[in-house]
Amino acid sequence: MQETSKIWMNGELVDWADATVHVGVHGLHYGSGVFEGVRAYDTDRGTAVFRLTEHMERLANSAKLLYMELPYSVDELKAATWDLLGANGLPECYLRPIAFFGYGELGVGSQGNPVEVAIMSWPWGAYLGEEGMRNGIRAKVSSWQRIGPNVFPHVSKATGVYINSMLAIGEAVRAGYEEAILLTQDGYIADGSGETIFVVKDGVVATPDLSASILPGITRDTIIQIAQDLGYPVVEKQLIRTDLYLADEVFMCGTAAEVTPIRSVDDQVIGPPGPVTLELQTAYLDTVHGRSERWGQWLEYAPSRTEA
Ligand code: PPE
């Protein structure tokens with residue numbers, strides 16, 4: 001991770017090295033935190049944050065699902081983001097808002113612990129590598145399943161649940177693959193360790209529906225909208241692993257991964273990035289970088305710029 005100058009922490013901009021917590025924080029012991037991943041892009045009109053409002057709204061929803069009261073509103077968190085971007089002066093970066101139960105009463109119950117909130121920002125390049133973005137990655141179906149909706153509220157982007165993702169990607173990488181694809185407990189496709197999965201077959205774009213133990217992905221929503229606007233039928237439905245093996249195209253998407261093609265799953269060759277994947281990838285990258293106006297409503301600019 002490339003260190004930057006400041007981190008926003010509990011209402012203040014502090015030096016990178018000073019954004020620390022005590023080993024007794026609840027969030028460290030029990031994974032009781034919620035977080036976001038957001039990207040800011042360098043555009044002709046200055047730095048733009050892609051769908052910042054939706055990301056902060058999802059953070060608030062994630063917190064609610066853990067019965068965590070955020071001490072800041074969505075608007076305050078958006079303002080904090082702009083303060084941080086201004087302080088660090090990076091034209092383009094990844095942003096990581098996080099809220100967690102802090103230091104107070106150790107014990108599984110979260111009562112009696114303050115809620116701490118921080119936002120980090122640092123440069124983060126292609127999540128699955130430049131080569132993966134261009135030529136596609138090799139993925140493996142994981143032996144680890146996604147947890148069901150009554151085990152954990154998967155709609156919450158909670159820190160502790162990422163143990164599941166950590167084990168899955170660790171297994172895939174040790175076996176020589178770049179990413180893992182997790183199935184639900186019923187055996188349907190859920191998602192990647194940090195991405196939503198899309199399948200293209202006979203011109204139809206399909207992705208698992210939101211009940212498949214997945215995060216309601218903001219990039220997922222973006223890609224569905226772009227694909228529909230480009231004239232592709234899009235279906236949200238249960239998918240099984242053989243749908244991946246027999247697909248014309250498979251890709252994954254997420255804030256960090258953007259649109260990354262998948263060239264094989266479990267050594268079943270899908271092939272180099274196909275035309276639909278490339279069209280959606282180009283449309284997505286043109287949108288986030290402000291090169292295309294068509295979906296420009298998703299780019300949020302620093303408040304002073306909007307007022308100017
Ligand atoms: N599923 C999972 C499990 C997931 O973690 C992400 C985001 C997505 C889908 C896509 O969601 P969205 O970004 O709203 O389209 N994963 C974050 C990276 C996690 C990491 O720290 O690594 C991200 O893309 O920021």
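This is a predicted model, so every value here is computed, not measured. Start at 1 and go down the list; that is how both ligands and their atoms are numbered.
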Next item on the list: Look at the side chain of R96 and the backbone N and O of E36, then say whether any donor-acceptor pair between them is shorter than 3.5 Å.
Entry: yes

Ion pair present between [X] and [Y], side-chain N to carboxylate O less than 4.0 angstrom?
| X | Y | result |
| --- | --- | --- |
| R51 | D221 | yes |
| R220 | D191 | no |
| D15 | K6 | yes |

Checklist line | Centroid separation W295 to F50 less than 6.0 Å | finding: no

Margin query: Between Y162 and F35 (judged by ring centroids, cut-off 6.0 Å), do the two rings come close enough to count as a pair?
Written below: yes

Notebook entry, point to check: With hydrogens left out, which residues have an atom under 4.0 Å from ligand 1, given that only heavy atoms count?
Noted result: G37, R58, Y94, R96, W124, Y127, R146, K157, Y162, D191, G192, S193, G194, E195, T196, L215, G217, I218, T219, G254, T255, A256

